[in-house]
Amino acid sequence: MCGNSLTPKRGVFGKTGDLQTILCLACARDEVTYSGALNGDIYVWKGMNLARTIQGAHTAGIFSMNACEEGFATGGRDGCVRLWDLNFKPITVIDLRETDQGYKGLSVRSVCWRGDHILVGTQDSEIFEIVVHERNKPFLIMQGHCEGELWALAVHPTKPLAITGSDDRSVRIWSLVDHALIARCNMEEPIRCAAVSTDGIHLALGMKDGSFTVLRVRDMTEVVHIKDRKEAIHELKYSPDGNFLAVGSNDSCVDIYGVVQRYKKVGECLGSLTFITHMDWSSDSKHLQTNDGSGKRIFYRMPGGKEITNKEELKGVQWARWTCVTGNEVNGIGPKYSDVNEINSVDANYLGQVLVTADDYGIVKLFRYPCIRKGAKFRKYLGHSAHVTSVRWSHDYQWIISVGGADHSVFQWKFISDRKLKEALHIAPQESLMDSNSDESDSEQSDVPELDSEIEQETQITYRRQVYKEDLPQLKEQCKDKHRSASSKRRERAPVNSIRLHFVHGYRGYDCRSNLFYTQTGEIVYHVAAIGVVYNRQQNTQRFYLGHTDDILCLAIHPLKDYVATGQVGRDSTVHVWDCETIKPLSVLKGHHQFGVCAVDFSADGKRLASVGIDDHHTVVLWDWKKGEKLSSVRGSKDKIFVVKMNPYMPDKLITAGVKHMKFWRRAGGGLIGRKACIGTGSKIDTMMCVVYGWTEEMSFSGTSTGDVCIWRDLFLIKTVKAHDGPVFSMHALDKGFVTGGKDGVVALWDDSFERCLKTYAIKRSALAPGSKGLLLEDNPSIRAISLGHGHILVGTKNGEILEVDKSGPVTLLVQGHMEGEVWGLAAHPHLPICATVSDDKTLRIWDLSPSHCMLAVRKLKKGGRCCSFSPDGKALAVGLNDGSFLIVNADTLEDLVSFHHRKDVIADIRFSPGTGKYLAVASYDNFVDIYNVMSSKRVGVCKGSSSYITHLDWDTRGKLLQVNTGAKEQLFFEAPRGKRQMIPAHEVENISWSSWTSVLGPSCEGIWPVIGEVSDVTTAALSNDSKILATGDDFGFVKLFRYPVKGRFGKFKRYVAHSSHVTNLRWIHDDSLLVSVGGSDTSLMLWTHEVEGHREMRQCDSEESDIDSEEDGGYDSDVTRENEMTYTIKALSTNIRPMAGIKPHLQQKELSLDERQGVVRGSRPPVSRALPQPEKLQTNNVGKKKRPIEDLVLELVFGYRGKDCRNNVHYLNDGADILYHAASVGILYNVATGSQSFYQEHTDDILCLTINQHPKFTNIVATGQVMQRTCLLRLLPYMYGMQ
């Protein structure tokens, strides 16, 4: 745990055990962890290393593991519960499949051991309690429906019984008094509706295949089975006199059957054009009303089924029950301002004049009946996590029974008829909250000097990505179907060899400031790309913090100079605090910034940290970084903030400065109160680039974009001092003065009141000391960072240079890299540890890759370049430019030898032929490859036929054949020197000896493309000189190593993260000892040491994981595979403070039934919703009548338990007196002695996990997590135990 984030380390399996899917965990003392694997083994871990394996603990996957005082209990798919002592030696085994309650296929998902009692939760939604000495007689505490959808619900007409039927093919009878299941029968087809005859003797069940079955209620024996329809039966109703049964189907018909004639069909109702949703009989059994999918309400004469069109005939008709969702009596149950109705079921209580409804949002509502007016007031009740498919009153109206479609739960609600409410509840719209700290005036442009060009360019930089690295898991999930076929094939293992980051050339100065410091030990800390760098200037070595995943934008150092804070780009941006000596993370802070963090600063005592985001409001957050707690946050400004500075005397105060922004903040509770800087009447504030505090808590100093230094007392401007020609980018406070740096390239030392400039240092090439590690590109470079220490002034420039200025004058260049602009061109020398790079910054550079790590030469170009290549003898260097021209220069002096300009678009790749280097192939974005004779300086051939721009070039070893990749992912071949196209079969390409391999296409490198290849391109590849390792770079900044050839899709690899931008190019040097890579936008040149022995020590940069794992990587189990493929789509279930938004259940993608998988075609009826549009006309009777209070419901019992895709979610509480579990969106506390239940009902969607706090100080504290919501803490208070 670092701050408020977790930093992972991968477990090392080694040779102790096979790589397996881990399904459960239990922790013991001394860093020992036990885990249950998919193959039934138990893995014992010591720290992060696998110490030993207990083989054959179970015969199938181990889903649950529970630790207690006595030892450990495990449960698995084999239906067994095994008990182990504290050293994990076996005690006993209980096979539930062989017990009285057992059955074939029983799978244990949760186990809890306390004393001689064991709780077991199964995949089929059962909870058993086992007493060890009576292990063959487990006691069934709870059971419910399991897989599929639960739709069928009926109540007994004379007894307190409820009947349910589900897609799990079971019909169950529940006692509403005893709160128990009293009968169960399994059918051959999924059940979609149910009805009990008026005398309570027969139970009719409508099936999904279009048939219906009638059973005797007393013994569940079959009376008759009839199949007259092909589509699902979704509604059944017995007539009040008991003579007829109406059967409504998706075939748009209602069939009438005579009960006394052994269910002979006696009539048909054919008036509907779409599926039947609801039906009701009249009290005299002579009429039937129906609702259908189009929203029509149709009346029929019974039993013949003739449609009634004369409304006069229906006057005076009384309906025996009201369960239709369309009709004048229920006009008010839908939304007030919409004709769309998501009501699935209704049932009216005529005696109490109350109507209950169930809808697609998981809500049960009570209305008055009749409910005439739209927008009627109601009371709502949450508990179901999915669409409520059906709801019914019990025979005596004491209870309401509701069933949830996807949550499989049966809820029993107690109806409180005598509760009087002073006023009916209704849902009020949520009030919009106004920003109490609006900064409208911060963006006013009038009377403000124009922005400096450099600052304006910086403010226009966007750090937002189309795809973030955080999106990778989701993108891979979306590609599951695509790679499922590939995952079944055995793939070549990842290479044994590895690489380690050795040195980085580059410093991020073009859009950052004050990001360069001396550490406590005299080393230098800064950042480039996604790396925090600690540079030892004496030894010319670097160490790296590699915890970031994207561009680092800011850096601050702790007052003791031992800790560093860095902020990065990201969808959910993080701030990392790390030790610059051990290079280990101390705290990772996340959850409060979007898109990136642009400024950070420590408080003077080092306990607090301020950060600023790059979201639209530039949110300012104050942290207690060690605890990972956010202390305060506030919207900073609409315009960009460049710097945040904490008051060294008052830790609750800070300043933010930026584009036309200067604000003084004071912490107040969980927020910050800000006051704008006062500069006098009639003046507008300038853009502020840097801020420091002075000698008292009230004094502060800021550098402006016009070159002034502003002196402030509190928030009032005292005076301004002209300090530089151009913006003052950096300022550092000394004990007795200040040092400033600006765009003019001058470092200035000032006294403690900014009244006198004591000394200036100009950064010039003439002042460069002999020990410099490179060459200064230009005199007076723009200074972006300044820091003092160890007798020197440390300077960072916009050009990516870090210099150390001695107070006597000499300047030493320590680090440098390319300037702003993408770096694409990279070439390795054929014989020496040297490489060349060319960039959009219009420079060509030569780098020494030996331990001296310096830039040997640099040349400015007229245009930016995208590619370069050494000749085979290393004496010449070809450079392709962005305007379609190319140069050949002397590799030592960089002086021109020859130049050509035959193309108009970018030169993308350039290559000398092997051997003598007689020919030069030049590829352009004009879709052509030109071949030049270097000796005669003439173009001798043109390769035509590409349909897109050229991306990669390779020669064969004879210098006779060219391999070309294009932007359309074509792999083409051309014969040199004329450029004639050749058609070469794929299998023959491997037999050709290639001088180099940088192609990303073809069978031999098919596996380098990731699962999300449509989103992320593999931009570059390089084959080692021994042809064993293929290195690749991609759009996500990953460097990967593959074993060559990489045949088959989705090859296994080793992955390394350091670049923050797309890796544009990489090359192995002549002896394969180093891999060199360049990042496009991060402008860095990285050197990776090639470790042939394959050291497997875990490093942050070494992630040995592939995009997918095939079945041999961790085993296969159908239940685990099914659970892994589950998606918990956002549903619009909600409370009155959450907007009704989401995907309606009937629009969600459903799992195909067995019939549908076998090709049985169903009708047009949606599989979930019975929703109907509201009628256009509204009646207004009952207006002005006195309104009676709405009654109330109290949840009394839930039949169900979520075991299908959860584990370890059944626990004892209060020394075994209570049992805790969950179903739907309800946390349930079951009292063993009384059989009563208490409920936690604050969740709004499916609860997926549950755990209890084991600490003795926090008894009865439970945590539950739900779909798409933050985890909730649930505290079971004593008063809950008494709820009935």
Side-chain angles (χ1 to χ4, degrees), residues 24 26 36 57-59 62-144 175 178-182 184 1197 1199-1203 1206-1223 1228-1238 1250-1252 1254 1259-1260 1262 1276 1281:
C24 57
H58 287 261
T59 59
I62 303 173
F63 283 118
S64 180
M65 187 178 292
N66 176 249
C68 62
E69 295 178 358
E70 293 83 0
F72 300 87
T74 59
R77 192 183 179 188
D78 57 4
C80 293
V81 175
R82 290 180 178 265
L83 304 184
W84 312 78
D85 65 14
L86 293 172
N87 295 317
F88 238 97
K89 294 181 179 179
I91 299 175
T92 187
V93 57
I94 302 170
D95 190 346
L96 285 174
R97 297 183 182 185
E98 302 299 326
T99 63
D100 294 347
Q101 301 278 0
Y103 54 88
K104 184 179 179 181
L106 187 149
S107 177
V108 176
R109 301 293 296 212
S110 181
V111 61
C112 181
W113 180 17
R114 182 181 293 272
D116 61 347
H117 287 71
I118 303 169
L119 273 181
V120 177
T122 74
Q123 183 170 303
D124 290 337
S125 302
E126 302 148 328
I127 299 177
F128 295 102
E129 186 175 44
I130 303 171
V131 180
V132 176
H133 60 270
E134 292 182 327
R135 63 183 63 187
N136 292 326
K137 297 180 180 180
F139 177 68
L140 182 62
I141 289 177
M142 177 52 62
Q143 63 177 311
S175 170
D178 298 331
H179 297 165
L181 178 71
I182 60 175
R184 170 178 173 167
L1197 197 82
F1199 295 101
Y1201 154 69
R1202 186 157 188 146
C1206 303
R1207 56 186 63 81
N1208 295 329
N1209 59 343
V1210 178
H1211 296 275
Y1212 281 113
L1213 278 184
N1214 301 317
D1215 296 324
D1218 297 298
I1219 295 171
L1220 183 74
Y1221 59 98
H1222 62 87
I1228 303 171
L1229 189 71
Y1230 174 85
N1231 186 276
V1232 176
T1234 64
S1236 61
Q1237 295 178 347
S1238 303
L1250 177 151
T1251 189
I1252 60 173
Q1254 304 284 356
T1259 57
N1260 298 339
V1262 178
L1276 300 176
Y1281 305 151

Verdict with supporting geometry, Ser1238 and Tyr1230, side chain to side chain contact (heavy atoms under 4.5 Å, CB included):
CA-CA 7 Å; Ser1238 303; Tyr1230 174 85; over 6 Å; no

Mind checking whether [X] and [Y] have side chains closer than 4.5 Å, heavy atoms only?
X       : Y       : answer
Ile1228 : His1222 : no
Cys80   : Arg97   : no
Val81   : Val93   : no

Donor-acceptor pair, side chain of [X] and main chain of [Y], under 3.5 angstrom:
X       : Y       : value
Ser125  : Gly1200 : no
Asp85   : Lys89   : yes
Ser64   : Val111  : yes
Arg135  : Ile130  : no
Asn1231 : Thr1234 : yes
Arg82   : Thr74   : no
Trp113  : Gly115  : yes

Roughly how far, to the nearest 0.5 Å, is [atom2] of [Y] from [atom1] of [X]?
X       : Y      : atom1 : atom2 : answer
Asn136  : Ile94  : CG    : CD1   : 9.0 Å
Ile141  : Gln143 : CD1   : CD    : 12.0 Å
Gln1237 : His179 : CD    : NE2   : 8.0 Å
Phe139  : Leu119 : CZ    : CG    : 11.5 Å
Asp78   : Asp95  : CG    : CG    : 7.0 Å
Glu70   : Asp116 : CD    : CG    : 9.0 Å

Is it true that the side chains of Thr59 and Arg77 contain a donor and an acceptor less than 3.5 Å apart?
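The criterion, which ignores hydrogens and geometry beyond distance, is not satisfied for Arg77 and Thr59.
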
Give the minimum heavy-atom separation between [X] and [Y], together with the two atoms involved.
X      : Y       : answer
Asn66  : Cys112  : OD1-CA, 3.7 Å
Gln101 : Phe128  : CB-CE2, 3.5 Å
Ile62  : Gly36   : CB-CA, 3.9 Å
Ser110 : Tyr1201 : CB-OH, 3.6 Å
Cys68  : Leu86   : O-CD2, 4.1 Å

Honestly, is Arg1207 close enough over Phe63, meaning NZ or CZ under 6.0 Å from the six-membered ring centre and within 45° of the axis?
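Arg1207 over Phe63 ring: no.
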
Decide if atom CG of Asp100 counts as having more than 12 heavy atoms of other residues, nucleotides or ligands within a radius under 6.0 Å.
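Counting other residues, nucleotides and ligands, CG of Asp100 exceeds 12 neighbours.
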
Measure from the ring center of Phe72 to the ring center of Phe88 and say whether it is less than 6.0 Å.
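Close enough - the centres of the two rings lie under 6.0 Å apart.
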
Give the intermediate values and the outcome of side chain to side chain contact (heavy atoms under 4.5 Å, CB included) for residues Glu129 and Tyr1212.
CA-CA 11 Å; Glu129 186 175 44; Tyr1212 281 113; 2.6 Å; yes

Between Tyr1221 and Ile127, is a side chain to side chain contact (heavy atoms under 4.5 Å, CB included) present by the stated rule, with each step listed?
CA-CA 9 Å; Tyr1221 59 98; Ile127 299 177; 3.5 Å; yes

Could you check Val1262, Asn1208, Val1210 and say which one makes a side-chain contact (heavy atoms from CB on, under 4.5 Å) with Leu1250?
Val1262

Partners of Tyr103 by side-chain contact (heavy atoms from CB on, under 4.5 Å), sequence neighbours excluded?
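Per chain and number, Tyr103 pairs via side-chain contact (heavy atoms from CB on, under 4.5 Å) with Leu106, Thr122, Asp124, Glu126.
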
Take Thr99 and Lys137 through the test side chain to side chain contact (heavy atoms under 4.5 Å, CB included) and record every step on the way to the result.
CA-CA 6 Å; Thr99 63; Lys137 297 180 180 180; over 6 Å; no

